[in-house]
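For reference, the structure is listed below as structure tokens.
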Amino acid sequence: MTLWLSAGIFFTFACIIGILLKWGNIRCVGVTPVSTFTFIAILFTSGLDVGLIMFPLTEFAGYADLVTNPEYAFSNPLAIEFGFWAFLIWSFYFLTCFYFCVLEPKVQFFSIPLVKLVNNIVIIGTCAFTAFLLLSNLPWYIPQLADSGNLTASFYVIVLAIIALSVYSSTDIRYVKVLSLASTWLFIALILLLWASALFSQQGTAAEFFSTFNLLGNYFSNLHKFVLPLNAYHEFYLYWWFAWCIMIGQFTSRFVSGLRTYQVLLAMLVFPSIPIAVWFVGLYYYHLNELSVNSVINVSMVIVGIIFVINSLDSLIRLYTDNLNLTVERFGTTQYFVGNLVILSGLTLLFTLDFLQIQWVGALVIGLIFSCFVFMMFKRFTSEPAIMREVTGVNEVKVK
């Protein structure tokens, strides 16, 4: 699967370069344009999940263990964590956001019944994986409810309640803006809380704390080394990002409000990476100085992580139910709620049994990307040769 992943990565970056050269200056406008700040908030909170909050403290030690993982020797754990979560890999989202905002209205590849079905299987599977990630990490953050670090019935009830809240919030579009902005501000508050606690911890000095930022420079000086998978764990991450990219691009493309193509790319690379960097620096300082995460921060991390999950699931549930016409208007609130709750809860349990893997979903997405390109080329040279010229000549394109 490594070869398939590498081919997908190279092809993705080649497409991005081609888009910038051909359509880099056209304006992109979605069907529901919002302010740039709201767009960034929706992008950030929809494009990330609970892993951002809960993974780093459990991963830094592994990245520092060069005996077990000598492939990490070129960098430091903070830069590696940042590389797995930020900057360059957000370009995956740019590719799909641009496609759905500008090209899909003319290409209509995702309107093909089989493609639509596969795409929505991807979305539903990734929804369940997001819930599974929360479930699998809760024992680390709420050890009081765990049984020797293992899952108990309490954790299943918590995740079931979160899925239920997400399904309910997806019944009304107004919730997505509220959730996105709330998630963003709560995450900023969590960062401030973490930083304040670190600065007043009596461990080290403020200068030492802020100097931790310098470690991130190693990511940018070794940017090329993060393009292809470093090992199986990095491969898992990259497949995970691919699994998300089509649906996040499809969802966020609705909210673009007139940014030029190159500006959309810059916004996606830079703005989400800033809070991620600030958050990771605080966590890494805790790791380096062996600071204990007090109960207030621990509870706050769990709360923000849960809100991130609700926000992500809300966006994804809304997307696949709209695509498949499984809407509240068609089935009513009760049937809509029960049906989605049963499907997502069942698939979440399948992930706990290792019956499903996110790598399979990511590989399927890469196949969709390749197929879409082939379809575009076929359509360009047969039934609709003017498609590329039409897009090029448009200064402002709206999603129909």
Side-chain angles (χ1 to χ4, degrees), residues 1-22 47-49 51-52 55 59 62-63 66 68-77 79-100 103 109-110 115 118-119 121-123 125-126 129 133 218-250 265 268-269 272-273 276 354 356-378:
M1 289 183 71
T2 302
L3 181 61
W4 182 249
L5 174 62
S6 300
I9 292 171
F10 281 130
F11 183 74
T12 296
F13 288 127
C15 288
I16 291 171
I17 293 171
I19 286 169
L20 292 176
L21 292 175
K22 194 172 186 66
L48 291 168
D49 59 20
L52 176 74
F55 271 25
E59 293 178 327
Y63 300 148
L66 301 183
T68 306
N69 302 296
E71 61 272 20
Y72 295 138
F74 72 93
S75 190
N76 60 76
I80 291 171
E81 190 75 53
F82 183 79
F84 281 20
W85 282 96
F87 199 70
L88 190 63
I89 47 181
W90 282 76
S91 61
F92 293 5
Y93 290 170
F94 161 76
L95 174 64
T96 53
C97 179
F98 175 85
Y99 173 82
F100 281 104
L103 298 180
F109 175 72
F110 285 85
V115 174
V118 173
N119 183 40
I121 289 173
V122 167
I123 297 172
T126 309
F129 181 72
L133 280 181
N218 192 262
Y219 164 75
F220 294 98
S221 61
N222 290 283
L223 188 63
H224 59 288
K225 294 184 178 179
F226 289 92
V227 173
L228 296 178
L230 297 167
N231 54 21
Y233 193 58
H234 189 205
E235 183 173 304
F236 155 77
Y237 260 103
L238 291 170
Y239 268 124
W240 184 7
W241 281 90
F242 266 114
W244 276 78
C245 74
I246 287 182
M247 55 194 172
I248 294 301
Q250 187 174 358
L265 175 61
M268 288 186 160
L269 293 181
S273 296
I276 292 173
D354 289 331
L356 295 175
Q357 294 185 25
I358 196 63
Q359 293 93 320
W360 301 349
V361 179
L364 192 58
V365 168
I366 292 174
L368 283 176
I369 292 173
F370 281 133
S371 299
C372 181
F373 179 78
V374 172
F375 180 81
M376 287 176 62
M377 293 300 100
F378 176 79

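Counting from 1, the numbers follow the sequence of the chain as shown.
- Tyr72 places no side-chain N or O within donor-acceptor distance of the main-chain N or O of Gly62, the cut-off being under 3.5 Å.
- The side-chain heavy atoms of Ile248 and Thr96, taken from C-beta on, include no pair separated by under 4.5 Å.
- The closest side-chain heavy-atom distance from Glu235 to Leu5 is below 4.5 Å.
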ring-ring contact (aromatic ring centres under 6.0 Å, His included) evaluation trace for Phe226 with Phe87
CA-CA 11 Å; Phe226 289 92; Phe87 199 70; over 10 Å; no

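- Across all their heavy atoms, Leu265 and Ser91 have their closest contact at CD1-CB, 4.4 Å.
- Between the side chain of Asn69 and the backbone N or O of Glu71 there is no donor-acceptor pair closer than 3.5 Å.
- Checking Tyr93 against Trp244 by side-chain atom types alone, no donor-acceptor pair falls below 3.5 Å.
- Phe84 pairs with exactly one of Trp90, Tyr237, Phe236 by the ring pair (Phe, Tyr, Trp, His ring centres under 6.0 Å) rule, that one being Tyr237.
- Side-chain contact between Tyr219 and Ser75: absent, with no pair of heavy atoms (C-beta onward) separated by less than 4.5 Å.
- Ring-centre distance between Phe373 and Phe11: below the 6.0 Å cut-off.
- Of the candidates Met1, His234, Gln357, Tyr239 forms a side chain to side chain contact (heavy atoms under 4.5 Å, CB included) with just one, namely Met1.
- Distance check: Phe109 CZ to Asn119 CG gives 9.0 Å after rounding to the nearest 0.5 Å.
- Within the 4.5 Å cutoff, side-chain heavy atoms of Ser6 are placed close to those of Thr2.
- At least one side-chain heavy atom of Met268 sits less than 4.5 Å from a side-chain heavy atom of Cys97.
- Across every non-hydrogen atom of Ile89 and Gly83, the tightest pair is CD1-O, 3.9 Å.
- Residues Thr12 and Ile9 form no side-chain contact, since every pair of their non-hydrogen atoms from C-beta on lies 4.5 Å or further apart.
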Please test Trp240 against Phe129 for ring-ring contact (aromatic ring centres under 6.0 Å, His included), starting from the C-alpha separation and ending with a verdict.
CA-CA 10 Å; Trp240 184 7; Phe129 181 72; 5.7 Å; yes

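- Using modelled atom types, no side-chain atom of Asn222 and backbone atom of Lys225 make a donor-acceptor pair closer than 3.5 Å.
- Leu269 places none of its side-chain heavy atoms less than 4.5 Å from the side chain of Phe94.
- Within 6.0 Å of the CZ atom in Phe10, the count of heavy atoms belonging to other residues, nucleotides or ligands does not exceed 12.
- Once rounded to the nearest 0.5 Å, the distance linking CD1 of Ile369 with OH of Tyr99 reads 11.0 Å.
- Minimum interatomic distance between Ile276 and Ala86 (heavy atoms only, all atoms of both residues): CG2-CB, 4.0 Å.
- At least one side-chain heavy atom of Leu133 sits under 4.5 Å from a side-chain heavy atom of Phe55.
- The distance from the CZ atom of Phe110 to the CG atom of Leu103 is 11.0 Å, given to the nearest 0.5 Å.
- A distance of 9.0 Å separates CG in Leu364 from OG in Ser371, rounded to the nearest 0.5 Å.
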Val365 and Cys245: CA distance, side-chain angles, deciding distance, side-chain contact (heavy atoms from CB on, under 4.5 Å) verdict:
CA-CA 8 Å; Val365 168; Cys245 74; 3.8 Å; yes

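- Summarising the geometry, atom CG belonging to Leu88 is positioned 10.5 Å from atom CZ belonging to Phe82; distances are rounded to the nearest 0.5 Å.
- Rounding to the nearest 0.5 Å places CD1 of Ile246 at 8.0 Å from SG of Cys372.
- Side-chain atoms of Trp4 come within 3.5 Å of backbone atoms of Ala363 as a donor-acceptor pair (strictly under, hydrogens ignored).
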